[in-house]
2 protein chains.
Amino acid sequence: MLNVVTIKDVKVKIGETCKQLRKSNNLSREELAETLDISRATIQNIEYGKNATLDNVLKVANHFGFLPYIFNEIDKANTSQNDISLY
Amino acid sequence: MLNVVTIKDVKVKIGETCKQLRKSNNLSREELAETLDISRATIQNIEYGKNATLDNVLKVANHFGFLPYIFNEIDKANTSQNDISLY
DNA sequence: TATATTTGACTAATATAATAGTTATTTATG
DNA sequence: CATAAATAACTATTATATTAGTCAAATATA
């Protein structure tokens, strides 16, 4: 089987990651939200894998230090001219 | 110097990547927008590095085939318990 | 156990991303 | 050159993400 990654998969993964990193840093949603200058409800939505704005998701990525890795992957997709596969 | 990656940097990079991959696939914004079931204006905003919804950005990533790479980076940040550096 | 903190699950109001249009300019094609 | 296609830059409207607020249930802490 192919096990294709879906958009929903990515959103759920973002949510799981936010929750786990928040926990391992001993932060409540309230605290993380305040630090990132967003609301507790938005953190909750992100952790639930709901749709969100790019800005808020990137704030989370930035706070937990994996923003550069995201940047690099996009840059790679760019420079390697990732045309749509014909196969 | 440190050359830190900012949230704006990532948004601009996403925009550049969308534009370049769209061009290299000989697609107009109109065509890409229709394929992804979003509007031409939204594609334009993304290419300009403006804020957008996660769903729409991931649609672009999915269409040009780098959604799994995004997924993997988030998964790595997750499993390696990327605590906030003290240094 | 008692108390405090955190979380899940809502609601109503607000802010803003997305949309469908339009027009002028730029770029590609005959 | 002439014409078509694509893009830049707007506007007004709609859709929806964000917010502040509440309250009950779950969890952690004294």
Side-chain angles (χ1 to χ4, degrees), chain A residues 6-64 66-67 70-71 74 77-78 81-84, chain B residues 6-64 66-67 70-71 74 77-78 81-84:
Chain A
T6 68
I7 289 170
K8 180 64 182 170
D9 291 337
V10 176
K11 291 191 292 184
V12 168
K13 177 62 72 178
I14 289 170
E16 290 172 350
T17 302
C18 179
K19 183 165 194 169
Q20 289 192 22
L21 292 176
R22 177 174 63 79
K23 291 283 190 188
S24 78
N25 282 281
N26 293 310
L27 294 169
S28 67
R29 289 193 187 137
E30 185 75 43
E31 292 171 313
L32 180 59
E34 194 182 12
T35 301
L36 303 185
D37 199 31
I38 60 184
S39 74
R40 185 168 72 90
T42 295
I43 297 291
Q44 187 176 18
N45 283 337
I46 291 173
E47 292 189 353
Y48 284 172
K50 294 197 158 183
N51 196 14
T53 58
L54 189 57
D55 263 329
N56 288 337
V57 170
L58 294 182
K59 278 186 179 182
V60 171
N62 183 49
H63 186 258
F64 292 119
F66 60 98
L67 192 62
I70 304 285
F71 182 91
I74 299 164
N78 185 337
Q81 292 300 320
N82 233 12
D83 291 350
I84 300 164
Chain B
T6 68
I7 290 170
K8 180 65 181 171
D9 291 337
V10 175
K11 291 190 293 183
V12 168
K13 177 64 72 180
I14 289 170
E16 290 172 350
T17 302
C18 178
K19 183 166 194 168
Q20 290 192 20
L21 292 176
R22 176 173 64 77
K23 291 284 190 188
S24 78
N25 284 281
N26 294 310
L27 294 169
S28 67
R29 289 194 187 137
E30 185 74 43
E31 292 170 314
L32 179 60
E34 194 181 13
T35 300
L36 302 184
D37 198 32
I38 59 183
S39 75
R40 186 167 70 87
T42 296
I43 297 291
Q44 187 175 19
N45 282 338
I46 290 174
E47 292 189 355
Y48 284 172
K50 294 196 158 182
N51 195 14
T53 58
L54 189 58
D55 264 328
N56 287 337
V57 171
L58 294 182
K59 278 186 179 183
V60 172
N62 183 50
H63 186 259
F64 292 120
F66 59 99
L67 191 62
I70 304 285
F71 181 90
I74 299 164
N78 185 335
Q81 292 299 320
N82 233 13
D83 291 350
I84 300 162

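Note on naming: letters A, B, ... go to the chains in the order of the sequence lines (proteins, then strands), and numbering restarts at 1 for each one. Excluded from the calculations below are hydrogen atoms, water molecules and symmetry mates; all remaining heavy atoms, backbone and side chain alike, are included.
Take B:Thr35 and apply the side-chain contact (heavy atoms from CB on, under 4.5 Å) test, not counting sequence neighbours, and it matches B:His63. For B:Lys50, the side-chain contact (heavy atoms from CB on, under 4.5 Å) partners at least two apart in sequence or on another chain are B:Asn45, B:Tyr48. Applying the side chain to side chain donor-acceptor pair (under 3.5 Å) rule to A:Lys59 yields no partners; only residues at least two apart in sequence or on another chain are considered.
For B:Ser28, taking side-chain heavy atoms from C-beta onward, the closest of the listed nucleotides C:dT6, D:dT7, D:dT18 is D:dT7.
Summarising the geometry, the separation between CG on B:Leu27 and P on D:dA6 is reported as 10 Å, rounded to the nearest angstrom. Separating the NZ atom of B:Lys59 from the C1' atom of C:dA18 is a distance of 11 Å, rounded to the nearest angstrom. In this structure, A:Glu34 atom CD and D:dA20 atom P are separated by 11 Å, rounded to whole Å. Nucleotide D:dA6 holds its P atom 15 Å from the CG atom of B:Asn25, rounded to whole Å. In this structure, A:Leu54 places its CG atom 14 Å from P of D:dA17, rounding to the nearest Å. Distance A:Gln44 CD to D:dA24 C1': 14 Å, rounded to the nearest Å. Between B:Ile38 atom CD1 and C:dA20 atom P the separation is 11 Å, expressed in whole Å. Between the C1' atom of D:dA6 and the CG atom of B:Asn26 lies a distance of 13 Å, rounded to the nearest Å.
Considering every non-hydrogen atom in both B:Phe71 and A:Asp9, the closest pair reads CE1-O, 3.7 Å. Closest heavy-atom contact between B:Phe66 and B:Leu21: CE2-CD1, 3.9 Å. Pairing each heavy atom of B:Glu47 with each of B:Lys19, the nearest pair is OE2-CA, 3.5 Å.
When atom types are taken as modelled, the side chain of B:Lys8 and the backbone of B:Gly49 share a donor-acceptor pair closer than 3.5 angstrom. With A:Arg40 contributing its side chain and A:Glu30 its backbone, the two residues share no donor-acceptor pair below 3.5 Å.
One finds no side-chain N or O of A:Lys23 lying less than 4.0 angstrom from the OP1 or OP2 phosphate oxygen of D:dA28. Note on B:Tyr48: every side-chain N or O is 4.0 Å or more away from OP1 and OP2 of D:dT7. Side-chain nitrogen and oxygen atoms of B:Thr42 include at least one within less than 4.0 Å of the OP1 or OP2 phosphate oxygen of C:dT19.
A:Leu32 pairs in a side-chain contact (heavy atoms from CB on, under 4.5 Å) with only one of the listed residues (A:Ile38, A:Ile43, A:Ile46), which is A:Ile43.
Sparse packing is recorded around CD of A:Glu34, with 12 or fewer heavy atoms of other residues, nucleotides or ligands lying under 6.0 Å away.
Here the CG atom belonging to A:Asn78 is positioned 9.0 Å from the OG atom belonging to B:Ser24, to the nearest 0.5 angstrom. Note that CD1 of A:Ile7 and CG of B:Leu67 are 6.5 Å apart. Values are rounded to the nearest 0.5 Å.
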Protein-nucleotides 14-17 of chain C N/O pairs closer than 3.5 Å?
from	atom 1	to	atom 2	distance (Å)
C:dA17	OP1	B:Asn51	ND2	3.1
C:dA17	O3'	B:Thr53	N	3.4

Write down the protein N/O and nucleotide N/O pairs, taken from nucleotides 21-30 of chain C, whose separation is under 3.5 Å; answer none if there are no such pairs.
from	atom 1	to	atom 2	distance (Å)
C:dT22	O4	B:Arg40	NH2	3.0

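Contact check of residues 8-17 of chain A against DNA chain C (heavy atom, cut-off under 4.0 Å) returns no residues at all.
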